[in-house]
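Worksheet: one structure, shown below.
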2 protein chains.
Amino acid sequence: MSCIKTLKEKGLKLTPQRRLIVDAIHDIDTNLTAEEIITHVQARMPEVHKSTIYRTLELLEKYGCVFKSEVGERSVYHHVDERHHHHHLVCSSCGKTIECDEDFFTNLEKSLAEKYGFNVDFKHIVMSGLCEKCKNKNK
Amino acid sequence: MSCIKTLKEKGLKLTPQRRLIVDAIHDIDTNLTAEEIITHVQARMPEVHKSTIYRTLELLEKYGCVFKSEVGERSVYHHVDERHHHHHLVCSSCGKTIECDEDFFTNLEKSLAEKYGFNVDFKHIVMSGLCEKCKNKNK
DNA sequence: ATCGGTATTGCACCTGGTCGCAATTATACT
DNA sequence: AGTATAATTGCGACCAGGTGCAATACCGAT
Ligand SMILES: [Mn+2]
Ligand SMILES: [Mn+2]
Ligand SMILES: [Zn+2]
Ligand SMILES: [Zn+2]
């Protein structure tokens, strides 16, 4: 429930719309599409406009309560306080999703920082490719 | 000009619209937004519809003539036969772009394949983060 | 409990991109 | 050159997501 606390601390108003959006992110499990959030919210308060929802999600991202990742065209939102940070491998053929530990990226991050002085911002990445089954299926 | 050859080989029709799109990808430099391509094409043939352009781009991507990367919301298209493959580091603060050798990713690819049996599809990635200057600027 | 100022909302409209469909056209065959 | 036909095009409607603005509501001060 730290989302609510964060909003308060930042001096932002606690509207019923915002409470519902925060609820959605807590209630439903991880990796929500914007559409799922909109459905959840409008089920209990139908007049809430999608623009309100997108704006709130943007806010929550800005204050570190939520990650936003692009999966293909769509966006996926992801509540932040989880057991541990992770990324996702999504099979472009069958859609299967594998959780991938973020440790795999620490080397890469380090070498990009060394070579280019660049600090990459790897937060909850979604990578596409082929899972084991699909890889073998196609000969 | 291998794009044209590829289209022919695949038994696809060589329409004037398609020629113009291929021209755009060759004429203007690398990393084109869809908008730039549309402008280029419609400057010489105004009636070409955006849907035609998106469909052709999709085709060219499918047959390996062009890479498509997502930069934030927008898509960027990238002609394939370059000196060498690369990725990009884009500074989220000043917009600077650094070309990054794809070798940095081979370890990661290998370990993801070993651990998860998953073949990631890393083609011309665009990663955001902070460049050296901007990193230091913010204290 | 009321009040005022500011943050937030809903709305209407916009943009990039996708899709189904009927009209058009590139190509292969005669 | 003329024709058949499957591929391609332009169009319009549509989708996710974002924005400016006037109306509203939260919240702290009285
Ligand atoms: Mn996740
Ligand atoms: Mn490039
Ligand atoms: Zn799969
Ligand atoms: Zn920078």
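Within every chain, numbering begins at 1; the chains are lettered A, B, ... in the order of the sequence lines, protein sequences first and strands thereafter. Treat the numbers as computed from the prediction; the structure is a model and nothing was measured.
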Identify all stems in which DNA chain D takes part, counting only runs of at least 3 consecutive pairs (Watson-Crick or G-U wobble, each distance under 3.5 Å), and give each as one range with another, ordered by first number.
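In DNA chain D, stems of three or more pairs: C:1-30 with D:1-30.
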Residue pairs fulfilling ring-ring contact (aromatic ring centres under 6.0 Å, His included) with at least one residue in residues 95-119 of chain B, sequence neighbours excluded
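Found A:Phe104-B:Tyr116, A:Tyr116-B:Phe104, B:His87-B:Phe105, B:Phe105-B:Phe122.
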Name all residues meeting the side chain to side chain contact (heavy atoms under 4.5 Å, CB included) criterion together with A:Glu61; count only those two or more places apart in sequence or in a different chain, and write none if there are none.
A:Lys68
Is [X] close enough to [N] that one of its side-chain N or O atoms is under 4.0 Å from OP1 or OP2 there?
X	N	value
B:Thr52	D:dG10	yes
A:Tyr54	D:dG17	yes
B:Arg18	D:dT9	yes

With sugar-phosphate taken as primed atoms, P, OP1 and OP2 and all else as base, the protein-contact string of nucleotides 25-30 of chain D at under 4.0 Å (heavy atoms; B, S, -) is BBS---
How close or far is atom [atom2] of [N] from atom [atom1] of [X], stated in whole angstroms?
X	N	atom1	atom2	answer
A:Leu32	D:dA16	CG	P	16 Å
B:Met45	D:dT8	CE	P	15 Å
A:Ile53	D:dC15	CD1	P	17 Å

Can you pull out the residues from residues 33-44 of chain A that lie within a 4.0 Å heavy-atom distance of DNA chain D?
A:Ala34
Quick one: does B:Lys50 reach the base of C:dG16 with a side-chain donor-acceptor pair under 3.5 Å?
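There is none.
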What does the list of N/O pairs under 3.5 Å between the protein and nucleotides 19-22 of chain C look like, with a distance for each?
{"residue": "C:dG20", "atom": "O6", "partner": "B:Arg55", "partner atom": "NH1", "Å": "3.1"}

